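A short write-up of the structure that comes next.
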Amino acid sequence: MQPAALEDSIEIAASPDVVWALVADPRRMAEWSPQVVSVRLREGHDTIEVGTEFTNRNELGELAWTTHGTVVRLDPGRELAFRIAENWVVWSYTVEPAGEGTLLVERRETPEGISDVSAQWTDKYLGGQEAFTDVMRDGVHRTLEAIKAAAEG
């Protein structure tokens, strides 16, 4: 299955360095995302670089689940991207100068489609792909708003 890419962006009245410091470490995603409860680096991984592995704990209503991410792209000061093993989704955060501030882009891509297990789980427990994509779209927007508030605060 090949869901459409999901993307949103926000302009932030803070320097790219300030915004990058917030999004450069996946462990901080629990501070911004409405679904991510915790992120911890896997044993043997101490720094954020391509190949760093981490574990996410996610919650949505009464549902809770664990996923495993791997950093697949890192351009310091510009982009962090990680792939989730369970569903094959690639999430990325891109930081770009924009006037006096920064444009932050969050993107969900599915270059390999999504795993059959993930598709079945989404259909059975999360209301189907379309409904869950709407939830994810809202989550991306809320995440960007939270990062903006932190950067500007």
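These numbers come from a predicted model, not from an experiment.
Taking CZ from Arg57 and CD from Gln35, the interatomic distance works out to 12.5 Å, rounded to the nearest 0.5 Å. Rounding to the nearest 0.5 angstrom, the gap separating the CZ atom in Arg40 from the CZ atom in Phe54 is 12.0 Å. With rounding to the nearest 0.5 angstrom, the CE atom of Met136 is 8.0 Å from the OG1 atom of Thr133. Atom-to-atom distance recorded for Arg28:CZ and Leu80:CG is 13.0 Å, nearest 0.5 angstrom. Put simply, CD on Glu53 and NE2 on His68 are 9.0 Å apart, with the number rounded to the nearest 0.5 Å. With rounding to the nearest 0.5 angstrom, the CG atom of Leu104 is 5.5 Å from the CG atom of Leu144.
Panel note: side chain Glu112, backbone Trp88; no donor-acceptor pair is recorded below 3.5 Å. Using a distance-only test at 3.5 Å, with no hydrogens or angles considered, a donor-acceptor pair links the side chain of Lys148 to the main chain of Glu11. Counting only distance, with no hydrogens or angles, the side chain of Asn56 and the backbone of Asn58 share no donor-acceptor pair below 3.5 Å. Looking at Thr102, its side chain does come within 3.5 Å of a backbone N or O of Ala14 through a donor-acceptor pair. Using a distance-only test at 3.5 Å, with no hydrogens or angles considered, no donor-acceptor pair links the side chain of Ser33 to the main chain of Met29. Judged by distance alone, the side chain of Thr143 and the main-chain N or O of Gly139 form a donor-acceptor pair under 3.5 Å.
By the criterion of side-chain heavy atoms lying less than 4.5 angstrom apart, applied directly or through intervening Ile, Leu, Val, Met, Phe, Trp or Tyr residues, Leu126 is grouped together with Ile114 in one hydrophobic cluster. Placement of Ile84 and Val37 in two distinct hydrophobic clusters is found when ILVMFWY residues are connected by side-chain heavy-atom separations under 4.5 Å, directly or transitively. One hydrophobic cluster, built from ILVMFWY side chains closer than 4.5 Å, holds both Val89 and Phe132. Val71 and Val105 sit in two unconnected hydrophobic clusters of ILVMFWY residues. Membership requires side-chain heavy atoms under 4.5 Å apart, directly or through other members. At a threshold of 4.5 Å between side-chain heavy atoms, the hydrophobic network of Ile, Leu, Val, Met, Phe, Trp and Tyr places Tyr93 and Leu41 in one connected group.
Smallest separation of non-hydrogen atoms from Ile48 and Ala24: CG2-O, 3.5 Å. Between Pro76 and Trp20 the shortest heavy-atom distance is CA-CZ2, 3.7 Å. Scanning all heavy atoms of the two residues, the minimum distance from Ile147 to Leu22 falls at O-CD1, 3.8 Å. Contact between Ala81 and Val90 at its shortest, heavy atoms only, is CB-CG1, 4.3 Å. In this structure, Glu59 and Ala64 approach most closely via the heavy-atom pair CG-CB, 4.0 Å. For the residue pair Gly51 and His45, the shortest heavy atom distance occurs at O-CE1, 3.3 Å.
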Pair Leu63-Trp65, side-chain contact (heavy atoms from CB on, under 4.5 Å): steps then yes or no: CA-CA 7 Å; Leu63 294 174; Trp65 66 98; 4.1 Å; yes
Report the C-alpha separation of Ile10 and Ile12 in whole Å, then their side-chain angles, then the decisive distance to 0.1 Å, and conclude whether the side-chain contact (heavy atoms from CB on, under 4.5 Å) test is met. CA-CA 6 Å; Ile10 196 164; Ile12 300 174; 3.9 Å; yes
Do Asn87 and Ser115 pass the side chain to side chain donor-acceptor pair (under 3.5 Å) test, and can you show the C-alpha distance, the side-chain angles, and the key distance before you say yes or no? CA-CA 5 Å; Asn87 60 13; Ser115 68; over 6 Å; no
Assess the residue pair Val72 and Val50 against the criterion (side-chain contact (heavy atoms from CB on, under 4.5 Å)); give the C-alpha distance rounded to whole Å, side-chain angles, the decisive distance to 0.1 Å, and a yes or no. CA-CA 5 Å; Val72 294; Val50 171; 5.9 Å; no
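Side-chain contact between Glu109 and Ser92 is present, with heavy atoms from C-beta onward closer than 4.5 Å. Side-chain contact check for Thr55 versus Thr67: every heavy-atom pair is 4.5 Å or farther apart. Between Phe82 and Val39 there is no side-chain heavy-atom pair separated by less than 4.5 Å. Residues Arg78 and Thr94 form a side-chain contact, since some pair of their non-hydrogen atoms from C-beta on lies under 4.5 Å apart.
The number of heavy-atom neighbours closer than 6.0 Å to CZ of Arg73, taken from other residues, nucleotides and ligands shown, is above 12. Within 6.0 Å of CD on Glu49 lie more than 12 heavy atoms contributed by other residues, nucleotides or ligands.
Asp134 and Arg137 are joined by a salt bridge, as a carboxylate oxygen and a charged side-chain nitrogen come within less than 4.0 angstrom of each other.
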